[in-house]
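One structure is given here, and the rest of the page talks about it.
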Amino acid sequence: MPKSRIRKKADYTPPPAKQAQAIKLTNSAWVAPVMLAMFLIGLAWIVVFYVTDGSLPIDSLDNWNIVVGFGFIAAGFGVSTQWK
C-alpha cells in the first residue's frame, strides 16, 4: 500500500496589531462651574427652606420647595455626565 503524503501545516502568524486611536478628552469650560452652581443652589434652597420654617424661598410652594431644591441637585448630576 502506498504511503500517503503528509501535508505540512503553515506556521501560525498572528494578525497584525491594531493601531490605538487617541481618545480626545477635552473638558468644556462651562461644565464644572454649572455643575457646582446647581449643587450649591439646590443645597442653599433646601437650607433656606428649613432655616426659615418654610416661609422662604417661595411661600406658596410649601413643602414643594424641597422638591425644587432636589431638582437643582439632580440637574447638577445631569450636567456632571458631560464632565470628562
Side-chain angles (χ1 to χ4, degrees):
M1 181 149 205
K3 248 184 176 179
S4 64
R5 291 189 205 167
I6 299 174
R7 288 185 286 172
K8 189 173 183 181
K9 291 184 178 179
D11 291 335
Y12 173 74
T13 55
K18 294 182 179 179
Q19 295 291 335
Q21 294 179 356
I23 298 174
K24 184 180 176 186
L25 293 177
T26 58
N27 265 342
S28 297
W30 61 272
V31 174
V34 170
M35 176 184 65
L36 292 176
M38 296 297 240
F39 287 151
L40 293 176
I41 289 170
L43 179 65
W45 194 288
I46 294 171
V47 168
V48 167
F49 174 73
Y50 277 116
V51 169
T52 62
D53 291 327
S55 63
L56 288 176
I58 299 176
D59 190 28
S60 62
L61 288 179
D62 292 328
N63 287 334
W64 284 98
N65 280 305
I66 297 171
V67 175
V68 172
F70 278 114
F72 276 111
I73 294 171
F77 278 113
V79 171
S80 72
T81 61
Q82 300 299 314
W83 195 22
K84 297 174 186 161

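- Between Val68 and Ile58 there is no side-chain heavy-atom pair separated by less than 4.5 Å.
- One N or O on the side chain of Asn65 and one on the backbone of Asp62 form a donor-acceptor pair closer than 3.5 Å.
- Tracing side-chain contacts under 4.5 Å through hydrophobic residues (I, L, V, M, F, W, Y), one reaches Phe70 starting from Trp45; they form part of the same cluster.
- For the residue pair Met35 and Gly76, the shortest heavy atom distance occurs at CG-O, 3.5 Å.
- Note on Ile46: it does not cluster hydrophobically with Val48, by side-chain heavy-atom contacts below 4.5 Å among ILVMFWY residues.
- The two residues Pro33 and Ala29 make their nearest non-hydrogen contact at CD-O, 3.2 Å.
- Here the options are Leu43, Leu40, Ile41, the test is side chain to side chain contact (heavy atoms under 4.5 Å, CB included), and the partner is Phe72; only Ile41 passes.
- Leu56 and Ile66 fall into different hydrophobic clusters, defined by Ile, Leu, Val, Met, Phe, Trp and Tyr side-chain heavy atoms under 4.5 Å apart, directly or through other members.
- Side-chain contact between Thr81 and Phe77: absent, with no pair of heavy atoms (C-beta onward) separated by less than 4.5 Å.
- The shortest heavy-atom contact between Ile73 and Phe39 is O-CE2, 3.4 Å.
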